[in-house]
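Residues take their numbers from the sequence shown, with the count starting at 1.
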Amino acid sequence: MKLLVTGGAGYVGSVNAARLLEAGHEVVVLDDLSTGHADAVPHGARFVEGDAGDAGSLLAEGFDGVLHFAAKSLVGESMENPAKYWHGNVGTALNLLDAMRDNGTPRLVFSSTAATYGEPEEVPIKESAPTWPTNTYGASKLAIDLAITSYAAAHGLAAVSLRYFNVAGAYMNYGERHTVETHLIPIVLQVALGQREQVQMYGDDWPTEDGTCIRDYVHVVDLADAHQLALQHAEPGTHRIYNLGSGSGFSVKQVIDTCRQVTGHAIPATVAPRRAGDPAVLVASSERAQEELGWKPQRTDLASIVSDAWEFARKH
Ligand code: UFG
């Protein structure tokens with residue numbers, strides 16, 4: 001297939017672009033480099049620098065599908081500067097959907113998020129769970145999901161939204177290197193590398209066994225496999241939504257301990273106040289993705305996820 005990958009210079013987008021190329025697809029990366037890196041665009045992909053909301057002239061070339069990764073994704077920033085998320089995420093996605101409709105682009109795979117659910121009533125979280133996002137980032141992704149549903153029904157688009165839980169790990173030269181890093185595993189590895197003094201654990205009085213928050217870490221390569229399955233299974237006029245997680249939760253303390261084992265560094269950790277908007281436990285039920293897409297996450301062992309992230313962090 002000829003595929004447009006928006007955000008293909010970012011973490012999840014570049015891994016996906018690399019895996020799509022390996023699977024024999026033709027890949028065009030569209031990225032404005034606001035948070036991505038030009039050198040993260042995989043060899044073999046054509047790179048176009050630009051905004052995903054301006055994809056019309058590119059799509060006029062004729063594409064079999066779009067994988068839309070480009071987005072703003074900092075929860076804290078989304079609360080301070082909501083316009084950046086409503087215009088930057090929702091506005092851009094609407095422009096992209098219009099361009100796809102106008103050019104007859106048949107398939108879309110969209111990067112949605114567990115943040116669409118907010119504080120869950122039940123864990124593991126199924127796709128049928130209520131969606132009450134607790135931050136603007138999650139709300140912007142939910143709004144896009146709703147728009148995709150209407151465009152699919154009205155214009156025959158074959159669409160899939162994938163709701164990622166906590167993406168981690170790396171693939172070859174492609175990994176996480178945000179200028180502003182907020183995610184737990186890369187921060188802990190920065191401590192191991194001596195780039196930070198310590199890691200702050202946001203709260204140790206949560207209603208969990210060791211008092212720290214529990215998350216579901218999914219390897220970025222497993223995530224990429226799910227995107228390829230989504231492309232194959234997408235049906236015209238239908239919008240399907242799938243949660244993607246490994247199905248087991250690890251606490252902040254367990255993550256730090258695993259990083260100590262993998263890196264052999266002491267990694268000092270202190271307790272800090274809770275971070276606003278953090279739910280205590282987020283674990284996915286990925287049953288629907290397993291049953292309908294045949295997705296089976298292969299790299300669910302936390303130590304190997306951390307090892308891959310560590311190998312990447314040491315090189316970059
Ligand atoms: N944490 C710390 N210290 C840190 C960083 C994080 O204790 O320095 C904790 C957080 O409080 C949280 C856990 O580690 O309990 C994981 O935090 P991350 O920031 O790595 O990830 P989140 O669970 O907040 O967010 C992830 C994605 C978001 C997405 C969200 C959906 O990164 O984009 O899942 O649930 F919105």
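Between the side chains of Y137 and N89, no donor-acceptor pair is found at a separation under 3.5 Å. A side-chain donor-acceptor contact under 3.5 Å links E176 and H183. The closest side-chain donor-acceptor pair between T212 and D204, if any, does not fall under 3.5 angstrom. Between E127 and Y242, the side chains place no donor N or O within less than 3.5 Å of an acceptor N or O (distance only, hydrogens not considered). Between the side chains of H239 and S161, at least one donor N or O sits under 3.5 Å from an acceptor N or O.
Closest approach of V221 to A170, counting heavy atoms only: CG2-O, 4.2 Å. P279 approaches C213 most closely through the heavy-atom pair O-SG, 3.7 Å.
The line from CG of N243 to CD of Q290 is 11.5 Å long, rounded to the nearest 0.5 Å.
Partners of R275 by salt bridge (Lys or Arg N to Asp or Glu O under 4.0 Å), not counting sequence neighbours, listed by chain and number: D278. Every residue two or more places apart in sequence or in another chain that forms a side-chain contact (heavy atoms from CB on, under 4.5 Å) with T208 is listed here: W206, D210, I214, V281. Residues satisfying the side-chain contact (heavy atoms from CB on, under 4.5 Å) criterion with E122, sequence neighbours excluded, are absent altogether. Taking H87 as the reference, nothing meets the ring pair (Phe, Tyr, Trp, His ring centres under 6.0 Å) condition, with sequence neighbours excluded.
Test L108, V66, T105, T238 against L157 for side chain to side chain contact (heavy atoms under 4.5 Å, CB included) and you get one pass: L108. Of the options V252, I187, L189, a side chain to side chain contact (heavy atoms under 4.5 Å, CB included) to V199 is made by I187 and by none of the others.
For K2 and E61, the salt-bridge test passes: some basic side-chain N is under 4.0 Å from an acidic carboxylate O. The existence of a salt bridge linking K296 and D222 is excluded, since no basic side-chain nitrogen approaches an acidic carboxylate oxygen closer than 4.0 Å. Taking a cutoff of 4.0 Å between a charged side-chain nitrogen and a carboxylate oxygen, E77 and K72 do not qualify as a salt bridge.
In terms of modelled atom types and a separation under 3.5 Å, the side chain of T136 and the main chain of S78 share a donor-acceptor contact. Judged purely by atom type and a 3.5 angstrom limit, T6 has no side-chain atom pairing as donor or acceptor with the backbone of L30.
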Please tabulate, for the side chains in residues 307-316, all donor-acceptor contacts under 3.5 angstrom to protein atoms that are two or more places apart in sequence or on a different chain.
from	atom 1	to	atom 2	distance (Å)
S307	OG	A303	O	2.9
D308	OD2	H219	NE2	2.8
H316	ND1	F312	O	3.0

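You'll find the ring centres of Y11 and H37 outside the 6.0 Å limit. A ring-centre distance under 6.0 Å is not found for F110 and H227.
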Begin from the C-alpha positions of V167 and Y217 and carry the test side-chain contact (heavy atoms from CB on, under 4.5 Å) through to its verdict.
CA-CA 6 Å; V167 189; Y217 295 88; over 6 Å; no

Working note: L162 + L223, criterion side-chain contact (heavy atoms from CB on, under 4.5 Å); need CA distance, chi angles, decisive distance, verdict.
CA-CA 9 Å; L162 299 175; L223 205 74; over 6 Å; no

Test R163 against L244 for side-chain contact (heavy atoms from CB on, under 4.5 Å), laying out the working first.
CA-CA 6 Å; R163 291 190 171 157; L244 298 180; over 6 Å; no

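Sequence neighbours left out, the pairs with a member in residues 223-236 that pass salt bridge (charged side-chain N to carboxylate O under 4.0 Å, His left out) are R19-D225, D225-R299.
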